[in-house]
Number of protein chains: 2
Amino acid sequence: MTVRIDETDRKILAELQRDAGQSLEEIATAVGSSKTPVWNRIRKLREAGVIGQQTVILDAEALGFEATFFVLIRTSAHEADWQRQFLKALQERPEVQEAHRLAGDIDYILKVRVRNARAYDAFYQALISEVRVHNVTALLSMEEIKSTTMLPLDG
Amino acid sequence: MTVRIDETDRKILAELQRDAGQSLEEIATAVGSSKTPVWNRIRKLREAGVIGQQTVILDAEALGFEATFFVLIRTSAHEADWQRQFLKALQERPEVQEAHRLAGDIDYILKVRVRNARAYDAFYQALISEVRVHNVTALLSMEEIKSTTMLPLDG
DNA sequence: GCTGAAAACTTGGGACA
DNA sequence: TGTCCCAAGTTTTCAGC
């Protein structure tokens, strides 16, 4: 499960994060190695699960997803059964882009991407009808200042 | 700037989101078309900026990024100059994966990914020394329940 | 705006230092 | 482990429908 990752692996991962569409040769040049060794490292990192999904970042606004909400949830129900149901509800709803269980006062935070405020309300009503929650605060994003999936691997 | 996107475009985008490493032929089959038309559509969508960065999702924990914080920021400074400086600070810090300006009571939310709690503290100290903020609440993630960049394009 | 095919490039793997 | 090289497959362009 744990993989030993050296400097070259880290450089390869940084290149792949930056642009996964590059040819093997470009990556090899960028990291100062050549095709076969780079290819073997990539294969190993993929097998180890360090490299996951290869995807494309789409322009959410251009596709009509104009509202992003961060939802802070407090609950009084802490039983295993409630939690299982809540997790299942989140996994099933594609408008939930992120969900984290938190330490402290607030129990969960969600990032919810929807077409408009009405679509958020529909989501909210569906959620609270499926699972009991104690208190919900929705924070509406006015402007996405920054959004990246890149990890800083160069340090 | 605005592109007309039809059903076929939407299917292509959904396929690319799901797996950007597929061959043109696989995508063409999946959407019920053939290589050349699919290729022309992809090119147009790329030019229009609907398709952005092509990347790879890495396993943050395997790479030693073990702490995620959501940071809620209230400020009393609403001058353009302060805002410019704050935005610049966020853009420059690679540990900030998301930053949104919010409507209402809380002014900004950040998602910050760091190696450990000490690294978060270093980030926090650096941030408050660069820009004046009124009130900061950090929410520590205990568990990433869900994380995706995919938009639900099938509806 | 599609089909089909040709040209250029890329991948994935084998033989060898 | 890395370098060189090849066959198979893929991308990109283009003429014709």
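The model shown is predicted, which means the values in this text are computed figures rather than measured ones. Here is the naming used below: chain letters follow the sequence lines, and residue numbers restart at 1 for every chain.
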Could you pull out the closest heavy-atom pair between Q17(A) and L153(A), with the gap in Å?
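Minimum heavy-atom contact is NE2-CD1, 3.5 Å.
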Determine whether the aromatic ring centres of F69(B) and Y124(B) lie less than 6.0 Å apart.
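Centroid distance F69(B)-Y124(B): not below 6.0 Å, so no.
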For the rings on H100(B) and Y108(B), is their centre-to-centre separation under 6.0 Å?
no
Is there a donor-acceptor contact under 3.5 Å from the side chain of K111(B) to the main chain of A99(B)?
no
Just by protein heavy atoms under 4.0 Å, how would nucleotides 4-17 of chain C read 5' to 3' in B, S and -?
B-----SBBBB---
Grab the [atom1]-[atom2] distance between [X] and [N] for me, whole Å please.
{"X": "I42(A)", "N": "dG2(D)", "atom1": "CD1", "atom2": "C1'", "value": "16 Å"}
{"X": "I27(B)", "N": "dT10(D)", "atom1": "CD1", "atom2": "C1'", "value": "12 Å"}
{"X": "R4(B)", "N": "dG1(C)", "atom1": "CZ", "atom2": "P", "value": "11 Å"}

Could you tell me if R115(B) sits above the aromatic ring of F65(B), with its cationic atom closer than 6.0 Å to the ring centre and no more than 45 degrees from the axis?
yes
Counting just side-chain N and O atoms, does S34(B) come under 4.0 Å of either OP1 or OP2 of dT3(C)?
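Checking dT3(C) against S34(B), a side-chain N or O does come within under 4.0 Å of OP1 or OP2.
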Kindly assign one of parallel, tilted or perpendicular to the pair W82(B) and F86(B), based on the angle between their ring planes and the thresholds 30° and 60°.
parallel
